[in-house]
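Because only heavy atoms are used, hydrogens play no part in the values below, and waters and symmetry mates are left out as well, while side chains stay in. All values derive from a computational prediction rather than experimental measurement.
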Amino acid sequence: GAEGSTLMSYFSKNQIQALKPKIAFSTLRDLQCPVLQSHDLQGKPEESCSTEELFEWLGAVLNQVSLDNKSSSFLSTYCCPEPNTVVEKAFLCTITGFLIPEKIIQLLEQLCCYFGEPKLAYWLTLTVHGFADSPVSWRESEHGFHKGGENLYNFVIFRNLDYWLQMAVGAHDDCPP
């Protein structure tokens, strides 16, 4: 009775601001990017990089790890896989919050518009992270936090609209079929 109405007035007043996604943009300049071929998942020496190499590179970029393999770096000696190319400008958009699947599909569709004229990008990615301590992951299984709480998928979309879908979950989690 009274408790319910108090809660309703609280939420209507506050508009549940905590659930409003936060959006951050940044421009990465002179970024070393792996060369990818949509039909070649394994990569070929001197021609293209593999899906695993891309996934590792993406993790470094999203975590703002330097890619120049300096021996003086205490953080990382990682370098971009070969073959690679330097991209003058890359745009990174991070949306933090609770997003329903329909919004993610909408984002994918908007990203694909980026391949229209002028055709600047050869490929782009969309990574969706579940919260590390989320109670569920895919299917009906509980999400096993254990060490890192991995719970994400990544789309790599190419100019010809071919795409790769990469998924990462913890060792104790179910993966989609």
Side-chain angles (χ1 to χ4, degrees), residues 24 26-96 99 101 104-105 107-109 111-112 114-115 119-134 136-139 141-177:
S26 57
T27 302
L28 308 174
R29 299 197 179 274
D30 300 324
L31 179 68
Q32 277 186 298
C33 291
V35 171
L36 305 177
Q37 298 290 342
S38 64
H39 58 272
D40 208 344
L41 296 160
Q42 304 304 318
K44 280 192 183 133
E46 297 177 28
E47 278 184 41
S48 64
C49 297
S50 69
T51 55
E52 288 89 350
E53 288 173 314
L54 169 78
F55 202 61
E56 191 174 50
W57 171 84
L58 201 55
V61 170
L62 296 178
N63 287 290
Q64 298 174 329
V65 171
S66 168
L67 304 176
D68 53 14
N69 191 17
K70 283 186 180 155
S71 58
S72 59
S73 170
F74 290 103
L75 181 64
S76 169
T77 54
Y78 176 80
C79 57
C80 186
E82 294 281 348
N84 58 53
T85 183
V86 174
V87 173
E88 189 184 322
K89 259 194 233 176
F91 296 107
L92 178 61
C93 173
T94 306
I95 303 171
T96 307
L99 298 176
I104 292 166
I105 290 165
L107 274 170
L108 270 174
E109 286 170 350
L111 281 172
C112 288
Y114 200 73
F115 291 126
K119 293 191 173 184
L120 300 174
Y122 289 99
W123 52 268
L124 50 85
T125 68
L126 172 68
T127 305
V128 181
H129 279 267
F131 296 104
D133 55 356
S134 171
V136 293
S137 63
W138 282 294
R139 296 188 178 166
S141 294
E142 287 184 20
H143 175 49
F145 183 86
H146 297 283
K147 293 180 183 168
E150 299 84 0
N151 183 18
L152 67 106
Y153 60 90
N154 180 57
F155 278 102
V156 184
I157 306 150
F158 294 88
R159 195 186 277 178
N160 63 0
L161 300 185
D162 281 354
Y163 70 91
W164 297 346
L165 173 60
Q166 300 169 303
M167 290 179 265
V169 290
H172 298 273
D173 289 355
D174 263 346
C175 213

Considering only residues two or more places apart or on different chains, which pairs with a residue in residues 77-93 satisfy salt bridge (Lys or Arg N to Asp or Glu O under 4.0 Å)?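 Qualifying pairs, neighbours excluded: none.
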
Do Glu56 side-chain atoms and Glu53 backbone N/O form a donor-acceptor pair below 3.5 Å? no

What distance do [X] atom [atom1] and [Y] atom [atom2] have between them, rounded to the nearest 0.5 Å?
| X | Y | atom1 | atom2 | answer |
| --- | --- | --- | --- | --- |
| Trp57 | Leu62 | CH2 | CG | 8.0 Å |
| Phe158 | His39 | CZ | NE2 | 9.5 Å |
| Lys44 | Ser50 | NZ | OG | 13.0 Å |
| Cys112 | Leu161 | SG | CG | 5.5 Å |
| Leu92 | Ser26 | CG | OG | 4.0 Å |
| Thr125 | Phe55 | OG1 | CZ | 10.5 Å |

**Asked** Just wondering, more than 12 heavy atoms not from Tyr163 lying within 6.0 Å of its OH?
**Response** no

With heavy-atom distances below 4.5 Å as the criterion, would you say the side chains of [X] and [Y] are in contact?
| X | Y | answer |
| --- | --- | --- |
| Met167 | Leu165 | yes |
| Asp40 | Ser48 | yes |
| Cys33 | Cys80 | no |
| Tyr153 | Ile104 | yes |

Residues at least two apart in sequence or cross-chain that pass side-chain hydrogen bond (donor to acceptor under 3.5 Å, both in side chains) with Asn84, listed by chain then number, are none

With sequence neighbours left out, the residues meeting side-chain hydrogen bond (donor to acceptor under 3.5 Å, both in side chains) with Gln166 are Asn154

Shortest non-hydrogen contact between Val156 and Leu36, atoms and distance: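 Taking every non-hydrogen atom into account, CG1-CD1, 4.2 Å.
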
Next item on the list: For side-chain contact (heavy atoms from CB on, under 4.5 Å), just list the numbers for Thr127 and His129, CA-CA rounded to whole Å, side-chain angles, deciding distance to a tenth of an Å, and then say yes or no.
Entry: CA-CA 7 Å; Thr127 305; His129 279 267; 3.9 Å; yes

- prompt: How would you list, by chain and number, every residue that makes a side chain to side chain contact (heavy atoms under 4.5 Å, CB included) with Leu41, sequence neighbours excluded?
  reply: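 In terms of side chain to side chain contact (heavy atoms under 4.5 Å, CB included), with neighbours along the sequence ignored, Leu41 is linked to Thr51, Trp164.
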
The side chain to side chain contact (heavy atoms under 4.5 Å, CB included) partners of Leu108 (sequence neighbours excluded) come to Leu126, Phe155, Ile157

*Do we get Arg159 above Tyr122's six-membered ring, with its NZ or CZ under 6.0 Å from the centre and within 45° of the axis?*
yes

For Asp162, salt bridge (Lys or Arg N to Asp or Glu O under 4.0 Å) partners two or more places apart |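 Listed in chain order: nothing, the list is empty.
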
Practice prompt. Assess whether side-chain contact (heavy atoms from CB on, under 4.5 Å) is satisfied between Ile95 and Leu107, documenting all intermediate values.
Written response: CA-CA 11 Å; Ile95 303 171; Leu107 274 170; 3.9 Å; yes

Check the pair Arg29, Leu31 against side-chain contact (heavy atoms from CB on, under 4.5 Å), reporting the backbone distance first and the verdict last. CA-CA 5 Å; Arg29 299 197 179 274; Leu31 179 68; over 6 Å; no

